[in-house]
Amino acid sequence: MNRLPHRIRSVLPTMVRQLARPEHIDTTLLGDPLMDLLHRCAHLTYDGDYEQGMQLANVILDITWEKLNTGHWKDVFVGWRYLYTYASVLKAIGQLIELHAGASSELKCYDAIIKTCDMGLLMGAPVLNNILSHMVAAIVECSALRIGSGVSLESSSSSADARSKAAFDTSSKELASGDGSAEGDATSKTKRIVSEMSDVTSAESTPAKRNRNSSVVINPECEIERVECPSIEAFSKYMHDSLPVILTGCIDFWPARRTRRWDVDYIRRVAGKRTVPIEVGSRYTEDGWTQSLMTVDEFIDKFIERPEGEIGYLAQHQLFDQIPELKRDIAVPDYCCLGEEADVDVNAWFGPGGTVSPLHQDPKHNLLAQVYGAKYVRLYAAACTDRVYPHADRLLSNTSRVDVERPDHERFPMFREAVFQECVLDEGELLYIPPQCWHYVRSVSVSFSVSFWWR
């Protein structure tokens, strides 16, 4: 342990018992033998026998992996997730000791350690003040210093002016105070698909205008209203009346839009080595649809820069809890304070052009921030529910059976009568989507969006 850099040692538990005997885990379902294994693993690691410690950590990870992948995620006993996190921490510490003992290649070892931490963040539950997140930050910093492969993110852009910085610091406090939960609504997890689509067609009887950022044609009679940075009071009226609206000029102060502008290169530089869940396939109802864990570098290479037909989507992922370096570039919009609850769910949506979220509805207020690229969005009021033909299955009851841009009017005749609004959401714009409002979203370019859900 003493060979580790001070930066890394500063984030690790100082006492082995913090990892050997976690007091907050209910061990009834885990069993004494498994907890004894964790105890031995922690003491071996802290006593310097990192090889034996890593072997036991891998045994615990294998056992808990099976438990985590049996049945529905929401039904998994949280104790298994805690145990997975503790084992991930111990394995990562063992890998760090091995690295700094000169027993492995630096570059490959750092990548492997970061993956170990990310797997704990993705599959486990936060422990010891979300220690894995702090470990990754320290590891990334040390790897940049030792290998020289990193670039200081602060030096890659100029500082914001004092007024914008003050505004951002104030607005970002709410985001920074999130609870770090890794769980979302069970129904919303089923709503996302990815597929290639043709450009949207509009009613031929109405003159159309072409959006400046895409080839999509928008019917001006159906276009969603745009409002320049409304006051809280003015926005509350749209919420009260359940009216969609596009807000402009509200996120211009974000570092993601100003001093650390997001694009594919920036995302790669900040998060390239991080492991994330990617949705792969055309539709979640088809046999070929699946999810895969890969690094952001691998995702960008395979699905954005060198696509070969399949579409991948980093969709509805709590990326900002996993990678705080990206969290600092955004802020929860002040409009979210109008909810009845303080919690705001923040999710990332990153992918190539052609990714699609089918027509579906959610129970919460939604502000969709378009940080990079553009998306076509079509909305149907909750009153149109019967006309959009929701799935009868309870798990998919929030999703329409209609392919919005290629509707089968013989199977779904009432869909013709469903009145809709539409837009192309441009960079720097926020779209307010009321609760229960049916919405369909298609990327018209490489895109990065952030959704804010609240009640």
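Because only heavy atoms are used, hydrogens play no part in the values below, and waters and symmetry mates are left out as well, while side chains stay in. It should be emphasised that the depicted structure is a prediction, and the values quoted were computed from it without experimental measurement.
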Look only at the side chain of Arg260 and the backbone of Pro255, and say whether a donor-acceptor pair between them is shorter than 3.5 Å.
no

Compare every heavy atom of Leu61 with every heavy atom of Ala87, then report the nearest pair and how far apart it is.
CB-CD2, 3.6 Å

How long is the span from the CG atom in Leu96 to the NZ atom in Lys91, to the nearest 0.5 Å?
12.5 Å

Against Glu429, only a single residue in Lys375, Arg257, Arg226 fulfils salt bridge (charged side-chain N to carboxylate O under 4.0 Å, His left out); can you say which?
Arg226

Quick one: does His100's side chain have a donor or acceptor within less than 3.5 Å of a partner on Glu98's backbone?
no

Would you check if Pro5 and Cys142 make a side-chain contact, meaning some heavy-atom pair closer than 4.5 Å?
yes

Quick one: side-chain contact (heavy atoms from CB on, under 4.5 Å) partners of Gln436, sequence neighbours excluded?
Gln361, Pro363, Ala382

Has the side chain of Ser10 got a donor or acceptor atom that lies under 3.5 Å from a matching backbone atom of Arg7?
yes

Looking only at the side chains, is there a donor atom on one of Tyr380 and Gln421 sitting less than 3.5 Å from an acceptor on the other?
no

Shortest non-hydrogen contact between Gly312 and Thr355, atoms and distance:
O-CG2, 3.9 Å

To the nearest 0.5 Å, atom OH of Tyr266 lies from atom CZ of Arg269 at 7.0 Å

Would Cys423 and Ile246 count as a side-chain contact (heavy atoms from CB on, under 4.5 Å) if you check the C-alpha gap in whole Å, the side-chain angles of each, and the deciding distance to 0.1 Å?
CA-CA 9 Å; Cys423 72; Ile246 297 171; 3.7 Å; yes

For a quick check under 3.5 Å, do Glu405 and Tyr440 share a side-chain donor-acceptor pair by atom type?
yes

Testing the 3.5 Å rule here: is there a donor-acceptor pair between the side chains of Gln370 and Ser449?
yes

Audit row: Tyr372, Glu427, side chain to side chain donor-acceptor pair (under 3.5 Å) steps and yes/no:
CA-CA 5 Å; Tyr372 175 69; Glu427 289 185 5; 5.9 Å; no

What is the minimum heavy-atom distance between Val424 and Ala374, and which atoms define it?
CG1-CB, 4.0 Å

Please determine, by modelled atom types, if Asn398 and His391 share a side-chain donor-acceptor pair under 3.5 angstrom.
no

Looking at His6, I want to see if its NE2 is surrounded by more than 12 non-hydrogen atoms of other residues, nucleotides or ligands under 6.0 Å.
no

Does some side-chain heavy atom of Phe448 sit less than 4.5 Å from a side-chain heavy atom of Val264?
no

Tell me, do Pro13 and Leu128 make a side-chain contact under 4.5 Å, heavy atoms counted?
yes

With a 4.5 Å heavy-atom cut-off, do Asn347 and Val450 have their side chains touching?
no

Donor-acceptor check, side chain of Glu422 to backbone of Asn219, threshold 3.5 angstrom: yes or no?
yes

Can you check whether Lys364's main-chain N or O pairs, donor with acceptor, with Asp362's side chain at less than 3.5 Å?
no

Are Tyr432 and Phe235 an aromatic pair, judged by ring center distance below 6.0 Å?
yes

Kindly indicate, with the supporting measurements, whether the criterion side-chain contact (heavy atoms from CB on, under 4.5 Å) is fulfilled by Leu326 and Ile267.
CA-CA 8 Å; Leu326 290 175; Ile267 299 301; 4.1 Å; yes

His439 versus Leu379, closest heavy-atom pair with distance
CB-CD2, 3.2 Å

Is there a donor-acceptor contact under 3.5 Å linking the side chains of Thr385 and Trp438?
yes

Does Pro358 offer a backbone N or O that forms a donor-acceptor pair with the side chain of His360 under 3.5 Å?
yes

Determine whether Val346 and Ile330 satisfy the following criterion, side-chain contact (heavy atoms from CB on, under 4.5 Å), listing intermediate values before the conclusion.
CA-CA 10 Å; Val346 185; Ile330 64 173; 4.3 Å; yes

To the closest 0.5 Å, what do you measure between CD (Glu225) and CG (Leu243)?
8.5 Å

Kindly compute the distance separating CD1 (Ile131) from OG (Ser88), expressed to the nearest 0.5 Å.
11.5 Å

Non-hydrogen side-chain atoms of Tyr376 and Leu425 separated by less than 4.5 Å
no

Considering the options Trp262, Phe299, Tyr313, which one meets the ring pair (Phe, Tyr, Trp, His ring centres under 6.0 Å) requirement together with Phe350?
Phe299

For the atom pair CG (Leu99) and OH (Tyr50), what is the distance rounded to the nearest 0.5 Å?
10.0 Å

Distance check, rounded to the nearest 0.5 Å: Arg401 atom CZ versus Tyr389 atom OH?
8.0 Å

Distance-only criterion, 3.5 Å: show the donor-acceptor pairs between side-chain atoms of residues 113-126 and protein atoms not counting sequence neighbours.
unit_1 : atom_1 : unit_2 : atom_2 : d
Thr116 : OG1    : Gln95  : OE1    : 2.9
Thr116 : OG1    : Gln95  : NE2    : 3.4
Thr116 : OG1    : Ala112 : O      : 3.1
Asp118 : OD1    : Arg274 : NE     : 3.0
Asp118 : OD1    : Arg274 : NH2    : 2.6
Asp118 : OD1    : Gln322 : NE2    : 2.9
Asp118 : OD2    : Arg274 : NE     : 2.9
Asp118 : OD2    : Thr275 : N      : 2.8

Do Leu293 and Val276 come within less than 4.5 Å of each other through their side chains, counting heavy atoms only?
no

Counting neighbours of CZ on Arg3 that are heavy atoms of other residues, nucleotides or ligands and sit closer than 6.0 Å, is the number greater than 12?
no

Indicate whether any N or O donor in one side chain lies under 3.5 Å from an N or O acceptor in the other, for Trp349 and Ser447.
no

Does NZ or CZ of Arg378 come closer than 6.0 Å to the centre of the six-membered ring of Phe420, within 45° of the ring's axis?
yes

Quick one: which residue pairs count as a salt bridge (Lys or Arg N to Asp or Glu O under 4.0 Å) with a foot in residues 289-302, not counting sequence neighbours?
Arg268-Asp297, Arg268-Asp301, Lys273-Asp297, Asp301-Arg306

pair Phe320-Arg328: side-chain heavy atoms closer than 4.5 Å
no

Note: Trp454 and Leu338 closest approach over all heavy atoms is NE1-C, 4.3 Å

Between Val402 and Val388 the two heavy atoms that sit nearest each other are CG2-O, 3.5 Å

Derivation and outcome, side-chain contact (heavy atoms from CB on, under 4.5 Å), residues Ile60 and Tyr86
CA-CA 9 Å; Ile60 298 171; Tyr86 280 106; over 6 Å; no

Does any non-hydrogen side-chain atom of Glu310 lie less than 4.5 Å from one of Val280?
yes

Derivation and outcome, side chain to side chain donor-acceptor pair (under 3.5 Å), residues Thr248 and Glu228:
CA-CA 5 Å; Thr248 63; Glu228 174 73 21; 2.7 Å; yes

